[in-house]
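The next block holds one structure in the form of structure tokens; read it before the comments.
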Amino acid sequence: MELKVHRTSAKAGASRTAVLWKRIKQQKLLLLMSVPFVGYVIVFNYMPLWGWLMAFQNYKLGSNIMNNEWVGLSHFRELFEDEMFIQVLRNTLAMSVINLVFGFVSSITLALMLNEVRKLLFKRFVQTISYLPHFISWVVAANLIMTVFSLDGVVNALLLQLNIIKEPILLLSEPKAFWWMIGISNVWKEVGWNAIIYLAAMSMINPSLYEAAEIDGAGRFRKMWSITLPSMVPLIAILLIMNIGRLLDAGFEQQYLLMNTMVVDYAETIDIYVLKYGINLSRYSFATAAGIFKSVICIILLVSANQLAKRMGHSRLF
Amino acid sequence: MKAGTGSGRSSKIRWTWFDFVNSALLVCLMVVTLYPFVNMAAVSLNQAVDTTLGSNFIWPRAFTLYNYEVILKDSIIYHAFVISVLRTLLGTVTSVFCTAMLAYTLSRPEFMLRGTISLLFVFTMYFSGGLIPVYMLIKSMGLTNSFWVYIIPGLVGAFNLIVMRSFIEGLPESLVESAKIDGTNDFGIFVRIILPLCMPAIATVSLFVAVGQWNSWFDTFLYNSSNLKLSTLQYELLKKLQSANMSIGSSATSAFLNNQNAEANQVTPTSMRAAITMLATLPILFVYPFLQKYFVKGMTLGGVKE
């Protein structure tokens with residue numbers, strides 16, 4: 001009896017492997033076409049996680065990661081005791097909140113405005129122009145922005161003309177203004193691009209809603225407020241979740257390229273801090289610890305925002 | 001996108017103050033968007049000495065092509081330009097082919113690793129190993145100081161993969177099935193049937209990858225900054241920008257000009273910077289407006305299906 005059972009299960013096991021082999025043979029080409037990329041993504045995206053071990057060691061360049069001296073959490077302790085790090089954290093949060101608010105408000109406003117344009121050709125033209133800054137590099141963008149805000153740039157010329165200021169000011173060298181300058185630069189670069197997704201959502205709104213509202217005597221603002229905006233809430237919710245997950249991602253390029261020695265205290269973000277300690281000062285372990293801090297907070301934020309959206313009954317990410 | 005005139009449809013004839021204000025604001029937006037580019041273009045086409053008298057203009061006061069002549073004769077800039085073109089071409093072709101191929105396998109419902117591989121890629125959108133571990137990895141693989149660091153690490157990106165997969169999944173299944181009955185294998189189906197039908201998605205992803213390659217400077221800075229032979233246009237522009245940033249507020253340009261007299265044949269850091277900026281912008285200007293139809297669709301596809 002026992003023997004029989006054993007034999008059948010062995011048979012089932014054997015046939016299961018046989019089935020698997022058969023499937024592998026059938027899908028041989030699909031496997032060949034995809035498995036190399038599994039290797040690729042593991043090496044380039046998952047292997048670096050192994051490097052997180054560095055944060056708990058005193059890593060020396062060129063040494064094997066397993067043979068280093070283990071130091072526990074001392075790098076993390078040093079990190080939280082570093083005043084510079086606290087400052088950098090403040091800058092990162094401030095700039096990403098500014099970017100978040102400016103970004104959402106500006107792109108939704110632009111989408112609403114474009115949605116009200118009746119001449120299709122004009123609408124297309126405005127859109128094409130508004131995408132342009134998205135496609136240029138931050139190096140080019142920084143070049144343009146610095147020119148516009150330079151002492152003899154157009155912004156100073158305008159402010160002088162309007163008698164708002166008495167003599168030219170270097171806005172990019174004003175520590176207190178730097179966060180807002182980054183916010184404005186980001187809006188200039190991305191507003192048209194970010195409006196795409198809202199416009200697409202607006203085009204899916206059922207036209208009969210507008211017709212019904214018109215019969216009820218609703219004006220254009222009323223229709224915008226009571227139909228267009230409420231229809232966008234699910235989309236805005238999901239984009240908000242995605243952005244909250246990136247709250248510690250205030251960007252790197254724009255600050256790095258636009259900052260100068262006058263505004264360093266307000267311009268440096270976590271990413272610049274990691275770059276400075278890791279690459280310029282070769283403190284690999286310490287910089288890795290700072291990087292881990294950022295990644296972990298990102299994941300926590302993303303998961304909690306996702307949970308929140310679920311509880312509120314909105315669509316969510318995963 | 002084309003049904004976007006939702007609220008205006010029934011009152012097509014009346015041109016109200018609302019339309020007027022709305023259009024005026026949009027025109028303002030266009031001016032703000034475009035002015036920096038037009039100004040930079042005008043400066044790049046203006047005689048350098050004349051520019052030092054004031055640079056807020058949108059049409060060259062003293063037209064010249066000399067600034068461009070100088071930067072294109074500069075062997076460092078010229079070489080960097082060639083490297084930028086090469087990395088953009090090679091990077092785009094390899095990346096788009098690999099992304100499309102992987103996306104095709106992930107679109108096959110019968111494929112056994114479909115879910116696993118999709119998940120592996122989607123996760124990468126939400127976390128990263130961080131700068132230093134990635135830097136260490138690239139270094140240990142011997143990719144620093146090499147052209148391949150521009151091509152290999154960014155070969156397949158999760159977002160582009162999703163855009164491509166969503167598009168392929170939207171194609172009729174019967175195409176693949178009838179080809180299978182005819183005895184075509186999966187690779188043949190991908191190359192002969194799927195690729196030609198995917199052109200809108202390929203256009204979108206190509207644009208994203210090509211723009212990313214052309215605009216990239218951080219990888220040059222991080223991995224290849226010691227080797228001038230592998231420098232890119234964006235990185236050379238960055239160097240010029242940083243040296244200009246050092247002398248912010250001071251009049252470096254006038255000092256530069258002191259001992260010269262033939263006005264037409266001079267360059268200043270400002271005019272050279274303007275010319276390089278235009279060189280880095282023009283290719284993009286010629287490409288993206290024509291692909292607008294595709295990338296708008298692609299963006300929505302990738303955004304919704306995530």
Side-chain angles (χ1 to χ4, degrees), chain A residues 23 27 29-30 33-34 37-38 40-41 44-45 47-49 51-52 113 115-118 126 128-133 135-137 139-140 142-144 147-148 151-152 154 157 170 173 196-197 199-200 202-203 205 207 210 214 220 223 245 260 274-275 278 284 287-288 291-292 295 299 302, chain B residues 1 3-8 10 18 22 25-26 30 33-34 36 40 54-56 101-102 105 108 111-113 117 120-121 124 126-134 136-137 153 155-156 185-187 211 215 217 234 237-238 241 245 248-249 273 277 280-281 284 288-289 292 296 299-300 303:
Chain A
R23 278 185 78 193
Q27 304 187 351
L29 265 174
L30 284 177
M33 286 159 75
S34 60
F37 299 106
V38 175
Y40 158 84
V41 75
F44 284 99
N45 293 92
M47 283 262 284
L49 290 180
W52 279 21
M113 285 165 73
N115 197 43
E116 294 296 328
V117 172
R118 299 179 196 181
V126 177
T128 308
I129 302 286
S130 72
Y131 300 147
L132 172 60
F135 287 108
I136 57 161
S137 69
V139 181
V140 170
N143 233 325
L144 298 176
T147 309
V148 165
L151 279 179
D152 52 359
V154 68
L170 264 178
S173 297
I196 290 183
I197 195 149
L199 268 172
M202 285 176 191
S203 72
I205 299 173
Y210 291 108
E214 259 166 54
R220 287 171 88 170
K223 278 186 281 183
N260 54 55
V274 169
L275 182 76
Y284 301 111
T288 307
I292 290 178
S295 298
I299 300 223
L302 192 72
Chain B
M1 295 298 292
T5 46
S7 54
S10 61
F18 180 95
N22 194 24
L25 285 174
L26 287 172
M30 283 199 286
T33 307
L34 280 181
M40 194 59 85
S55 53
N56 292 320
M101 189 161 79
L102 184 60
T105 68
R108 299 304 310 145
F111 182 40
M112 52 164 87
L113 294 179
I117 299 178
L120 269 178
F121 274 88
T124 65
Y126 299 108
F127 76 89
S128 94
L131 177 73
I132 305 299
V134 173
M136 293 297 182
L137 177 78
L155 198 59
V156 179
N185 64 31
D186 277 301
F187 190 74
V211 166
N215 283 344
W217 60 273
Q234 303 284 346
L237 181 59
L238 168 75
L241 182 72
N245 211 351
I248 203 159
R273 205 149 53 89
T277 305
T281 310
I284 287 172
Y288 91 90
Q292 193 171 339
V296 168
M299 268 302 285
T300 359

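Every chain is numbered from 1 and lettered A, B, ... according to where its sequence line falls, protein lines coming before strand lines.
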So, the part of Leu237(B) with a heavy atom under 4.5 Å from chain A: the answer is both

Answer key: most heavy-atom pairs under 4.5 Å with chain A among Val156(B), Leu25(B), Leu238(B) is Val156(B)

Given Gly54(B), Pro289(B), Gly129(B), the one with more heavy-atom pairs under 4.5 angstrom with chain A than any other is Gly129(B)

Closest heavy-atom pair, Met40(B) versus Asn143(A), reported as atoms and distance to 0.1 Å, is CE-O, 4.0 Å

**Asked** Can you check whether Pro36(B) reaches Thr147(A) side chain to side chain, under 4.5 Å on heavy atoms?
**Response** no

Q. Is there a side chain to side chain contact (heavy atoms under 4.5 Å, CB included) between Phe121(B) and Leu102(B) once you walk through the steps?
A. CA-CA 11 Å; Phe121(B) 274 88; Leu102(B) 184 60; 3.6 Å; yes

Heavy-atom nearest pair, Ser295(A) first then Ser128(B), reads OG-O, 3.3 Å

request  = Output, in order, the C-alpha distance, side-chain angles, deciding distance and verdict of side chain to side chain contact (heavy atoms under 4.5 Å, CB included) for Gln27(A) and Asp186(B).
outcome  = CA-CA 9 Å; Gln27(A) 304 187 351; Asp186(B) 277 301; over 6 Å; no

- Decide side chain to side chain contact (heavy atoms under 4.5 Å, CB included) for Asn215(B) and Ile284(B); before the verdict, give the C-alpha distance in whole Å, the side-chain angles of both, and the deciding distance to 0.1 Å. CA-CA 10 Å; Asn215(B) 283 344; Ile284(B) 287 172; 3.5 Å; yes

Applying a strict 4.5 Å limit to non-hydrogen atoms, the region of Phe18(B) in contact with chain A is side chain

When the 4.5 angstrom heavy-atom criterion is applied to Tyr40(A) and chain B, the contacting part is side chain

Q. Ring centres of Tyr131(A) and Phe135(A) under 6.0 Å apart?
A. no

Looking only at Ile205(A), Ile136(A), Asp152(A), Val274(A), most heavy-atom pairs under 4.5 Å shared with chain B are made by Ile136(A)

Interface check, chain B: of Val139(A), Leu144(A), Leu30(A), most non-hydrogen pairs under 4.5 Å belong to Leu30(A)

The reported gap from CG in Leu199(A) to CG in Asn115(A) (rounded to nearest 0.5 angstrom) is 6.0 Å

Heavy-atom nearest pair, Ser130(A) first then Pro133(A), reads O-CD, 3.5 Å

Applying a strict 4.5 Å limit to non-hydrogen atoms, the region of Leu131(B) in contact with chain A is side chain

Turns out that what part of Met136(B) lies under 4.5 Å from chain A's heavy atoms comes down to side chain

Looking only at Ser137(A), Gly291(A), Ala157(A), Gly51(A), the option with the highest number of non-hydrogen pairs under 4.5 Å against chain B is Ser137(A)

Counting heavy-atom pairs under 4.5 Å with chain B, the top scorer among Thr288(A), Leu29(A), Thr128(A), Val38(A) is Thr128(A)

When the 4.5 angstrom heavy-atom criterion is applied to Gln234(B) and chain A, the contacting part is both

One option among Ile117(B), Leu113(B), Thr124(B), Val134(B) has the most heavy-atom pairs under 4.5 Å with chain A, and it is Thr124(B)

Of the listed Gly130(B), Pro153(B), Ala280(B), the one with the largest count of heavy-atom pairs under 4.5 Å with chain A is Pro153(B)

Heavy-atom nearest pair, Ser34(A) first then Phe111(B), reads OG-CZ, 3.2 Å

When the 4.5 angstrom heavy-atom criterion is applied to Met47(A) and chain B, the contacting part is side chain

Heaviest contributor of heavy-atom pairs below 4.5 Å to chain B, chosen from Leu132(A), Ile292(A), Val126(A), is Leu132(A)

